[in-house]
Amino acid sequence: MPALTFDYFYGIDAPQFAVRDFEGRRNLGYAATASLTLPIWNWGSTQSKIKQADLRRRHARVVLCAAQRTLLADLRSFYGEAQTARAELESLARSAELAAESLRLTTLRYQGGEATVLEVVDAQNTLTMARNAYDDGQARFRLALANLQTLTGNF
């Protein structure tokens with residue numbers, strides 16, 4: 001940009017500090033200067049600044065697109081994990097129900113004298129493993145929901 005400066009000076013303009021010299025002439029004086037600066041060539045600094053701003057804008061767009069893609073990929077992944085965990089939880093619940101029914105029937109058979117103690121113990125172990133697997137499935141499902149809620153908020 002063009003620049004205009006103006007300076008004004010007033011004071012003693014002599015080799016000695018006095019209002020008049022030995023010959024009676026005045027030692028006081030004043031001066032003014034003005035300068036106008038017109039930039040004709042700036043060595044490409046304006047173009048460089050424009051180019052840098054454009055590169056920063058492009059970089060910001062790339063970073064934004066990458067963040068959006070990462071967010072969508074995480075959202076799809078977490079949603080798929082939640083669906084899979086829910087289906088597995090339903091299957092594990094059904095398996096625990098079947099193990100409980102198997103234990104009930106084996107106990108009835110044992111009481112009727114048609115089954116051995118080993119069969120009852122085996123049915124109890126199967127029920128315990130099924131319940132443990134169901135508990136693990138619940139933990140996996142809740143973790144999947146928590147991961148999904150970190151991106152979407154509570155639903």
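Linking ILVMFWY residues whenever their side-chain heavy atoms come closer than 4.5 Å, directly or via other members, leaves L64 and L71 in distinct clusters. Cluster membership check: Y30 shares its hydrophobic cluster with L28, using side-chain heavy-atom separations under 4.5 Å among Ile, Leu, Val, Met, Phe, Trp and Tyr. Hydrophobic clustering (ILVMFWY, side-chain heavy atoms < 4.5 Å, transitive): Y10 and F6 are in one cluster.
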Would you give me the side-chain donor-acceptor pairs under 3.5 Å for residues 99-107, sequence neighbours excluded?
unit_1	atom_1	unit_2	atom_2	d
E101	OE1	R104	NE	3.3
E101	OE2	R104	NE	3.4
E101	OE2	R104	NH2	2.6
T106	OG1	S102	O	2.8
T107	OG1	L103	O	2.7

Residues 123-132, side-chain donor-acceptor partners within the protein, below 3.5 Å, at least two apart:
unit_1	atom_1	unit_2	atom_2	d
T126	OG1	D122	O	2.9
T128	OG1	Q124	O	2.9
N132	ND2	T128	O	3.4

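E90 has a carboxylate O that lies under 4.0 Å from a charged side-chain N of R86, or vice versa, which qualifies the two as a salt bridge.
The distance from the CG atom of D135 to the CG atom of L89 is 9.5 Å, given to the nearest 0.5 Å. Rounded to the nearest 0.5 Å, atoms CG (D7) and OG1 (T33) are 4.0 Å apart. Distance check: F78 CZ to L143 CG gives 9.0 Å after rounding to the nearest 0.5 Å. Distance CD/Q138 to CG/L92: 9.5 Å, rounded to 0.5 Å. For the atom pair CG (L148) and CG (L75), the distance works out to 6.0 Å, reported to the nearest 0.5 Å. Between the CD atom of Q83 and the CZ atom of F141 there is a distance of 10.0 Å, given to the nearest 0.5 Å.
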### Task
Walk me through it: do T84 and R140 pass the test side chain to side chain contact (heavy atoms under 4.5 Å, CB included)?
CA-CA 10 Å; T84 302; R140 180 179 173 205; 3.8 Å; yes

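Sorted by first and then second residue, the salt bridge (charged side-chain N to carboxylate O under 4.0 Å, His left out) pairs involving residues 34-54 (not counting sequence neighbours) are D54-R57, D54-R58.
Side-chain atoms of T70 come within 3.5 Å of backbone N or O of A66 as a donor-acceptor pair.
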